[in-house]
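In what follows, a structure is listed as structure tokens, so that the remarks can point back to it.
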Number of protein chains: 2
Amino acid sequence: MYTETAMLGLDAPLRASERAYRQLRGEIVSGLLAPGTALLEVEQAERIGVSRTPLREAVARLIADGLVVGRRGRGFEVTDISVDSISELYELRQALEVQAIRLAATRRDPAPFLALRDAFVTAPELLDQGDIGVRRYYVLIDELEDALDAAVENPFLVGALRAVRTHLARIRRLARRNPLRLRAAAAEHLLIIDAIIAGDPSLAAHATHIHLHQSLLSVLAAIDEDSASSRSTTAAD
Amino acid sequence: MYTETAMLGLDAPLRASERAYRQLRGEIVSGLLAPGTALLEVEQAERIGVSRTPLREAVARLIADGLVVGRRGRGFEVTDISVDSISELYELRQALEVQAIRLAATRRDPAPFLALRDAFVTAPELLDQGDIGVRRYYVLIDELEDALDAAVENPFLVGALRAVRTHLARIRRLARRNPLRLRAAAAEHLLIIDAIIAGDPSLAAHATHIHLHQSLLSVLAAIDEDSASSRSTTAAD
DNA sequence: ATTGCGGTTTCTGTATACACAAGAGTGATC
DNA sequence: GATCACTCTTGTGTATACAGAAACCGCAAT
């Protein structure tokens, strides 16, 4: 999703409004601008190095993305993420991903998923290689998502999925990753991929349902843990 | 998503950008601005009576809504609606509505749906009353959607649903309504409402699935018919 | 007749200036 | 001492001016 910047490797003179949008968006998703942060037009325009006009356009897009909310009269602020909103996001995510994967399995074009299958088979070994292994694993996830988007061939659905993934990226930063969970997730992904290759929409849908259920449990548990430990050892990190 | 504006029901002096957004949006959804229509900033700003700055903000929001696409260098244009895109929209709609109704049935708060149930029971009689009856039927549909949104209690899901409904409104204008279909649809809605009241998510989901399947078939058939008749009697309407 | 080139024109993208509204701070009055 | 009002500051909403780029038109040359 935020690889979009990397994809246009050309240093084409980006519009100021686009620059502002990407920077703010990146800073919000990466957590650099914490939820609840109040943002003033002049202040941000100055910081980013654009004038207020393109900045306002950028903010309008961020509001549409749901990353920012306008405040009555006085600037705008970064939307915050409550535990409730995580569950809610997963309710939407489940609807979208189950449908996407069901469609991908129905389309019956296994080719793009065969290579991914091999990669996910060896994922456990990858996850033994520490931090860089984990990073490469996430690249794999990105590739799976891209293959899925391509297979679905539905701009509406893919657009909605992309919006969800943006919010998901914010949530991921809230909780440290659990290595055991990553292994289990890899296995779940493998099952989903196999179902797509086999052209079994029902199996793929159910597998996705379960995968997301486990994923949500894991995220909520990780957040609980984090908030508990940060309560006891406040300055730990 | 764009409920922020609806919430201030007061006739407070609307911002120019908001006025421009609503007017353009209304004109696009109502078909007054046909798909493919090219729009120029200065031209539109003049027509609506705002300056270019708020107009650009309005257009940015319309682009985010998917109602408008920017063109390389030369203004923007109203997105068009292909038959393919209708099926695609329904793939998304199905995912969202099935999930929404499943959740509404799970929440188990039948109160708001009891009155709606009565209304839908008498819907067939309503549909005998000609045009104003049909109009009142559509008001009923709106109320059902509102009750559903409230029951779902999920901003993400409701937001996505609202976006879909916007596009749906455009599609509806493409095909004349079939009275027989409306009667059948009313019965389908009744079944869904009953399932929600009974707190049976699975039944509600399946009923919705079928309802949307029939709805899509009807829309596609109506469009086929229209385009066929307009081919033979070109200037008929 | 067609194609290439240059001038012109129009339109976008951006900056900035101005007006108005909301809040905070201060002073005066009760 | 507290409260209210006024002003001053700050920030948004809008208009407009300016610059750069892209399309259009005409002209000419092959």
Side-chain angles (χ1 to χ4, degrees), chain A residues 4-5 8 10-28 33 36-79, chain B residues 1-28 33 36-79:
Chain A
E4 63 201 13
T5 61
L8 349 139
L10 6 133
D11 46 0
L14 229 43
R15 293 199 306 270
S17 65
E18 189 65 31
R19 261 191 301 136
Y21 173 71
R22 293 194 190 177
Q23 179 168 344
L24 283 174
R25 186 193 164 77
E27 288 174 352
I28 291 172
L33 290 175
T37 307
L39 300 175
L40 270 30
E41 283 186 15
V42 277
E43 168 188 306
Q44 295 302 314
E46 221 165 84
R47 187 172 67 86
I48 296 177
V50 302
S51 88
R52 281 181 54 220
T53 309
L55 183 105
R56 292 187 110 243
E57 203 169 310
V59 170
R61 290 173 66 185
L62 291 171
I63 290 177
D65 290 346
L67 293 175
V68 150
V69 287
R71 301 196 299 187
R72 181 180 64 85
R74 213 67 169 182
F76 50 95
E77 76 178 44
V78 180
T79 52
Chain B
M1 180 155 277
Y2 32 82
T3 48
E4 62 200 16
T5 61
M7 283 175 64
L8 350 140
L10 2 136
D11 49 357
L14 227 44
R15 293 196 307 261
S17 65
E18 187 66 30
R19 261 191 302 136
Y21 173 71
R22 292 194 191 176
Q23 179 169 345
L24 283 174
R25 183 178 212 285
E27 288 174 351
I28 292 171
L33 291 175
T37 307
L39 301 175
L40 270 31
E41 283 187 11
V42 278
E43 170 188 304
Q44 294 303 314
E46 222 164 82
R47 188 173 66 85
I48 297 178
V50 301
S51 87
R52 281 180 54 218
T53 309
L55 183 106
R56 291 187 112 241
E57 204 168 309
V59 170
R61 290 173 66 184
L62 291 171
I63 291 177
D65 290 346
L67 293 174
V68 148
V69 287
R71 300 198 298 188
R72 182 178 61 87
R74 214 63 170 188
F76 49 96
E77 78 179 41
V78 180
T79 53

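Values below: all heavy atoms of this structure, side chains included; hydrogens, waters and symmetry mates excluded. Order of the sequence lines sets the chain letters (A, B, ...), proteins ahead of strands, with each chain counted from 1.
- Spacing between atom CD of Gln44(A) and atom P of dG11(D) amounts to 12 Å, rounded to whole angstrom units.
- Between Glu57(A) and Ser17(A) the shortest heavy-atom distance is OE2-OG, 3.9 Å.
- As a whole-Å value, the separation of Ile48(B) CD1 from dA15(D) P is 12 Å.
- As rounded to whole Å, 7 Å separates atom P of dT14(C) from atom CZ of Arg15(A).
- For Ala20(A) against Val50(A), the heavy-atom pair with the smallest separation is CB-CG2, 4.3 Å.
- Scanning all heavy atoms of the two residues, the minimum distance from Ala58(A) to Tyr21(A) falls at CB-N, 3.5 Å.
- For the pair Ser17(A) and dG13(C), the criterion of a side-chain N or O lying under 4.0 Å from OP1 or OP2 is not met.
- Regarding Glu46(B), its CD atom lies at a distance of 13 Å from the C1' atom of dC11(C), rounded to whole Å.
- At least one side-chain heavy atom of Leu24(A) sits less than 4.5 Å from a side-chain heavy atom of Arg47(A).
- Listed nucleotides dT12(C), dT14(C), dT16(D) differ in distance to Ser51(B); the shortest reach to its side chain belongs to dT16(D).
- One interatomic measurement links the two molecules: CZ of Arg19(B) to P of dA15(D), which rounds to 8 Å at whole-angstrom precision.
- Separating the CD atom in Gln23(B) from the CG atom in Leu55(B) is a distance of 10.0 Å, to the nearest 0.5 Å.
- Without hydrogens or angle criteria, Thr79(B) side chain to Leu67(B) main chain gives a donor-acceptor distance under 3.5 Å.
- The base of dG13(C) sits with one of its N or O atoms less than 3.5 Å from a complementary donor or acceptor on the side chain of Arg52(B).
- Distance CG (Leu55(B)) to P (dT14(D)): 12 Å, rounded to an integer number of Å.
- Glu18(A) and Arg25(A) are not joined by a salt bridge, as no carboxylate oxygen comes within less than 4.0 angstrom of a charged side-chain nitrogen.
- Atom pair Glu57(B):CD and dA15(D):P shows a separation of 12 Å (rounding to whole Å applied).
- Rounding to whole angstrom units, CZ of residue Arg56(B) and P of dA15(D) are separated by 15 Å.
- Over its full length, the helix from dA1(C)-dT30(D) to dC30(C)-dG1(D) turns its helical axis through 10°, comparing axes from the five pairs at each end and rounding to 10°.
- Between Glu41(B) and Thr53(B), it is Glu41(B) whose nearest contact on DNA chain C lies nearer the 5' terminus.
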